Amino acid sequence: MTTPATTRGRARPSRTGPVGAAAVPKIRCAIYTRKSSDEGLRQEFNSLDAQREAAEAYIASQKAEGWVCLPDRYDDGGFTGGNTDRPALKRLLADIAAGGVDTVVVYKIDRFSRSLADFMRMMTVFEEHGVAFVSVTQAFDTGSSMGRLTLNILLSFAQFEREIIGERIRDKIAASRRKGKWTGGTPILGYDVDRSSGSPKLVVNAVEASRVREIFELYIEHGSLLPVVADLERREWRNKPWTTRSGRRRGGVPFDKGNLHKLLTNILYTARVRHREAIYPGEHEAIIPEETFERVQRQLQRNGRVGGPELRNRQGSLLRGLLFCKACNRAMSHTFTCRGRRRYRYYACTHAVKSGRAACPTASLPAAEIEKAVVDQIRCIGRDPNLLAETLREARRQTAEANTRLTGERRGIERDLARFRAEIRRATMGSASGGMAAEAPAGTPAARLAQLADQAVQAERRVTEIDARLAELQRDDVTKADVTDAFTDFDNVWTALTPREQVRLINLLIERVEFDAADDSIQLSFHATGIKTLGSGEGWDESEMPDANHDVRRPAVETVATAGDAA
């Protein structure tokens, strides 16, 4: 029979026993239990109860030695043994420091700690207060040198086991990511988690996916996070709501800059998964095309490197954020140099800036000349009937594509809505009692009915939004008169604007300018919405003008002109 350990060979003082008889010391024993995960802790008899029962039986076997089990429970359910950040353990150490514990009893040593360094620090505290440590399944005495050696050996193996388990988990996650599998985490807007098979999979939620696409388009349109946040708040859109295994509701909160940025940078939306620095094709379906996703990332990077709209364009550059080097497919940044009191503005290819002028055939362009070439090219469109007709054709093609996309999305949501309603009818008819309580545990029929009802409501809202957008496209369709008015009267509009308003007009009207050093030409891509606004003669009030970094959703037309000819 194992006797209670004594620290540094000291005998414990007598606390009980009749006067004049041999006193039996009273050993106050505290039982500590731990389980790494919270799985199964809601059961009537769980792992913590089993550990305590075994420890209580061991203490009862030592009753003749004066062992008494303290009534306080020190249970840490769902806490790792790799650190000491555990509430029950902290409470136990506080009671030891207060002198209320003589011996700590655990089922196994790894239930107390899996870190050799942490355990040795706690053993120092035990020794300072004369407290012994006993493991029910691993008999040893911490009061002897051999017992402490045995303890250190066992603890070293416990730490080794913990590290091996961690390595296996990391290797499994890495292998799953290489195969494109979703390895868990917080569910994201646009996808549901299908757990019907062996491993969880992401499946597209049609209603939420349409909102994700709209959010990306809104950011492309506004060019910054805060206007999108305000728009989402006006629409009363929230991020992904989900229910934990314990039945608690999470998510469903309003968007802010933080969670909106997280959504816009989540590569899962392109059917890809990331593991550390590597990116792998995912097994789930994409919601956002890679081209759209990369465009948003470039805009986010541009916004992140500099300040707000006023700081972004202090020098009044017309093509800041719009001009690209065709040879390198890199943006051309606006900068300047000073010679004496004169300041010379120019655009430099970012590839040439980073790798040297020899890396790019364009290298740099005089700012005034390339800006004049772009403005003159816009004037040329108003004088060329063929270019006007091409602009109109491209704008109508864009509108037709948007109509096709939205109509297809509406049909898909209508199918989902019919499925939701049918499942609600079946579940209602098959249930003896209703009770769609919002707090019903996950997995119950009532919880499923509540989830289906929420999805049906969201689907109906999205159908309404799509109908409104289709009506808007039909109402704002670019006509021949819009194109003619926009470009024919461009000179009068341009000369009436201040330099700051000219910058905003260019950003409203043009999506992208490419300079080709091979033939010294420029290629312009226009925004259909900009053409419509310019043609209508509305929206030129300073307070209603878009920001200098304004970017609209889709290109309307591309025209090519030689820089020298345009000048």
Side-chain angles (χ1 to χ4, degrees), residues 219-220 223 289-307 309 311-338 343-381 387 394 502-527 530 547-567:
Y219 181 75
I220 291 175
E290 289 187 22
E291 180 182 352
T292 302
F293 184 81
E294 295 302 329
R295 181 179 175 186
V296 168
Q297 305 318 299
R298 288 194 297 268
Q299 182 65 40
L300 287 169
Q301 291 173 2
R302 286 197 297 268
N303 291 350
R305 285 196 297 265
V306 291
L311 292 177
R312 265 197 289 274
N313 209 359
R314 285 180 174 176
Q315 306 304 321
S317 58
L318 287 179
L319 306 180
R320 179 82 181 245
L322 302 177
L323 183 60
F324 289 80
C325 172
K326 188 172 184 179
C328 303
N329 196 27
R330 301 284 187 90
M332 301 192 70
S333 60
H334 179 264
T335 186
F336 63 90
T337 185
C338 296
R343 175 176 294 176
Y344 298 89
R345 297 188 303 115
Y346 61 95
Y347 292 90
C349 176
T350 53
H351 184 46
V353 172
K354 295 179 180 179
S355 304
R357 295 178 64 88
C360 174
T362 304
S364 63
L365 294 171
E369 293 183 15
I370 188 66
E371 290 170 358
K372 184 176 184 300
V374 170
V375 174
D376 287 345
Q377 178 57 28
I378 297 175
R379 290 192 179 101
C380 290
I381 294 176
L387 288 179
E394 189 63 21
Q502 289 176 348
V503 171
R504 295 188 173 187
L505 172 57
I506 289 296
N507 278 268
L508 175 67
L509 189 60
I510 296 180
E511 180 191 25
R512 184 183 177 98
V513 179
E514 285 189 350
F515 178 79
D516 189 353
D519 56 3
D520 197 31
S521 65
I522 56 174
Q523 181 172 316
L524 309 182
S525 300
F526 291 95
H527 291 306
D547 291 337
N549 65 322
H550 186 79
D551 193 10
V552 188
R553 302 177 187 174
R554 296 166 291 274
V557 67
E558 295 183 352
T559 61
V560 179
T562 303
D565 294 342

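Note that the structure is predicted; figures quoted are calculated from it, not measured. Count residues from 1 along the sequence.
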Visitor: Ignoring hydrogens, what is the shortest heavy-atom contact between V375 and L318? Give both atom names and the distance.
Guide: CG2-CD1, 4.0 Å
Visitor: Side chains of residues 324-333: which donor-acceptor partners sit under 3.5 Å, not counting sequence neighbours?
Guide:
from	atom 1	to	atom 2	distance (Å)
N329	OD1	R512	NH2	2.9
S333	OG	A348	O	3.4

Visitor: Do the side chain of Y347 and the main chain of I370 share a donor and acceptor less than 3.5 angstrom apart?
Guide: no
Visitor: If I take atom OG1 from residue T337 and atom CZ from residue R345, how far apart are they, to the nearest 0.5 angstrom?
Guide: 13.5 Å
Visitor: Take E294 and R298 through the side-chain contact (heavy atoms from CB on, under 4.5 Å) test and state the conclusion after the steps.
Guide: CA-CA 6 Å; E294 295 302 329; R298 288 194 297 268; 4.0 Å; yes
Visitor: Judged by atom type as modelled, is there a donor-acceptor pair below 3.5 Å linking the side chain of Q297 to the main-chain atoms of F293?
Guide: yes
Visitor: Can you list everything that forms a side-chain contact (heavy atoms from CB on, under 4.5 Å) with A368? Sequence neighbours excluded, please.
Guide: none
Visitor: Show your reasoning for whether side-chain contact (heavy atoms from CB on, under 4.5 Å) applies to K372 and D376.
Guide: CA-CA 6 Å; K372 184 176 184 300; D376 287 345; 2.9 Å; yes
Visitor: Answer whether the closest heavy-atom distance between the side chains of L319 and E371 falls below 4.5 Å.
Guide: yes
